[in-house]
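Structure first, commentary second.
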Amino acid sequence: MIFKAVPIVTKLLMPRVYEQMSNVDKRSWNICVVTLLHSVFDSAFIIAYINDPALNGDKMRGYNEQFEYLLATALGYYVWDLSICLSDYSNYGLMYLIHGGLGVFGLIVITSRQLQFYAIPYLLPELSSVFLNIRHLLKYAGKANSLVYKVNFLLFLVAFISIRVGFETYHSFYLALNVYRGDTGDAFYPFAVYFAILGITLTTLNLIWLRQILNAAYYTLFAGASKRTKEAQARKDE
């Protein structure tokens, strides 16, 4: 429903920009807007529950009913996201498909009243996706050389490193350690094992993506300035 409403709203608010896009870019724009809204939703409710005493008091069996409703809502998006990865596999590739599939099953598990706490370290990284999707939208709108684009990319880089590579990896490591020791409390052990594997897989994907992001950061934040410096020096030498 939201996906179908995006082109209508975009045509009303940004008719010239939207009409100049190719059909492929229009579809990518529509997907990015939906993903951005989802990222904002996820980030907002995860931050609201990040210090919840029930979830933090028992990381294996801590339960909050309202939190579960929000997770079930997020699950609907991940099912849609997985369908996009499957229908457009040539564009998204294996890593995004794995990421989407793990997310769907992970949310099914934590809506079974177990391991709800781990929704926090595994979904808080959606905060970095807010900046990632804004980056994509600016690019499709032809603003890739703007200051706003560069500032947003810097915020994305900081969020990615601090949350995905830092916070998420930290909790993934300790969950895997607890599973290895058999210290999973009353949680269904296979679910705990799955979440440990999920955390390790997400950490691996994040490290792979980090290399690509750092490469993009150089060209986004520094390559342009370096090129202008060389051009200025060349003019001076003339």
Side-chain angles (χ1 to χ4, degrees), residues 38-39 41-75 77-78 81-82 94-132 155-214:
H38 161 76
S39 299
F41 170 77
D42 270 11
S43 303
F45 85 79
I46 290 296
I47 290 172
Y49 283 90
I50 198 168
N51 291 316
D52 183 81
L55 300 177
N56 284 273
D58 184 350
K59 292 181 172 60
M60 295 297 171
R61 291 301 298 265
Y63 175 73
N64 184 298
E65 186 175 13
Q66 291 182 329
F67 190 60
E68 184 177 54
Y69 291 147
L70 294 168
L71 291 172
T73 302
L75 174 59
Y77 163 80
Y78 277 99
D81 181 62
L82 182 60
L94 181 61
M95 289 196 296
Y96 280 98
L97 184 61
I98 292 173
H99 185 270
L102 290 173
V104 168
F105 189 72
L107 282 167
I108 291 174
V109 168
I110 56 181
T111 50
S112 67
R113 301 194 173 196
Q114 298 188 66
L115 299 158
Q116 272 196 2
F117 168 81
Y118 287 97
I120 294 173
Y122 291 169
L123 287 182
L124 184 61
E126 286 298 318
L127 183 59
S128 69
S129 296
V130 172
F131 302 110
L132 176 63
L155 292 172
F156 163 65
L157 180 62
V158 171
F160 189 95
I161 293 174
S162 60
I163 300 174
R164 287 189 184 269
V165 179
F167 184 73
E168 185 176 49
T169 300
Y170 170 82
H171 285 287
S172 297
F173 172 77
Y174 276 99
L175 175 59
L177 191 61
N178 287 333
V179 168
Y180 175 76
R181 292 172 175 172
D183 185 16
T184 56
D186 295 330
F188 184 47
Y189 189 71
F191 284 173
V193 171
Y194 172 77
F195 259 71
I197 294 171
L198 173 61
I200 293 169
T201 305
L202 290 175
T203 297
T204 302
L205 291 174
N206 288 334
L207 292 175
I208 293 171
W209 285 326
L210 179 62
R211 181 180 178 183
Q212 299 171 357
I213 290 166
L214 290 175

Next item on the list: Would you check, one step at a time, whether the test side chain to side chain contact (heavy atoms under 4.5 Å, CB included) holds for I110 with F195?
Entry: CA-CA 10 Å; I110 56 181; F195 259 71; 3.1 Å; yes
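- Here the options are F117, Y63, F67, the test is ring-ring contact (aromatic ring centres under 6.0 Å, His included), and the partner is Y49; only F67 passes.
- Not counting sequence neighbours, the partners of E126 by the side-chain hydrogen bond (donor to acceptor under 3.5 Å, both in side chains) test are S39, Y78.
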Notebook entry, point to check: Does the side chain to side chain contact (heavy atoms under 4.5 Å, CB included) test come out yes or no for L214 and L157, once each step is laid out?
Noted result: CA-CA 8 Å; L214 290 175; L157 180 62; 4.0 Å; yes
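- Without hydrogens or angle criteria, D42 side chain to L127 main chain gives no donor-acceptor distance under 3.5 Å.
- Distance check: M95 CE to L97 CG gives 11.5 Å after rounding to the nearest 0.5 Å.
- Residues meeting the side chain to side chain contact (heavy atoms under 4.5 Å, CB included) test with F188, sequence neighbours left out: Q114, P190, F191.
- The main-chain N or O of N206 is never found under 3.5 Å from a side-chain atom of R164 such that the two would form a donor-acceptor pair.
- Of the candidates Y118, F105, Y189, Y122, F105 is the only one forming a ring-ring contact (aromatic ring centres under 6.0 Å, His included) with Y194.
- Once rounded to the nearest 0.5 Å, the distance linking CG of N56 with CD1 of I50 reads 8.0 Å.
- Atoms CG and CD, from L107 and E68 in turn, are 11.0 Å apart once rounded to the nearest 0.5 Å.
- Taking CG of L70 as the reference point, atom CG of L75 lies at 12.5 Å (rounded to 0.5 Å).
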Note to self: Assess the residue pair F41 and Y77 against the criterion (ring-ring contact (aromatic ring centres under 6.0 Å, His included)); give the C-alpha distance rounded to whole Å, side-chain angles, the decisive distance to 0.1 Å, and a yes or no.
What the structure shows: CA-CA 11 Å; F41 170 77; Y77 163 80; 9.7 Å; no
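- Listed here is the closest heavy atom pair of T184 and A192: CG2-CB, 3.7 Å.
- Taking CG of D183 as the start and NZ of K59 as the end, the distance is 11.5 Å to the nearest 0.5 Å.
- Listed for the Q116 side chain is no donor-acceptor partner under 3.5 Å among the backbone atoms of L55.
- For the pair I200 and A176, the tightest heavy-atom approach, listed with the atom from each and the gap, is CD1-CB, 4.3 Å.
- For S43, there are no side-chain hydrogen bond (donor to acceptor under 3.5 Å, both in side chains) partners two or more places apart in sequence or in a different chain.
- Scanning both residues, L175 and A196, for their nearest heavy atoms gives CD2-N, 3.7 Å.
- In this structure, the side chain to side chain contact (heavy atoms under 4.5 Å, CB included) partners of F131, at least two apart in sequence or on a different chain, are N152, L155, F156, A159.
- Residues that satisfy the side-chain hydrogen bond (donor to acceptor under 3.5 Å, both in side chains) test with Y69, not counting sequence neighbours, are E65.
- In plain terms, the two heavy atoms of G185 and M60 that are nearest each other are N-CG, 4.5 Å.
- With values rounded to the nearest 0.5 angstrom, L102 atom CG is found 10.0 Å from L82 atom CG.
- Residues satisfying the side chain to side chain contact (heavy atoms under 4.5 Å, CB included) test with T203, not counting sequence neighbours, are T169, S172, L207.
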Checklist line | side chain to side chain contact (heavy atoms under 4.5 Å, CB included) between H99 and L202, intermediate numbers included | finding: CA-CA 7 Å; H99 185 270; L202 290 175; 3.6 Å; yes
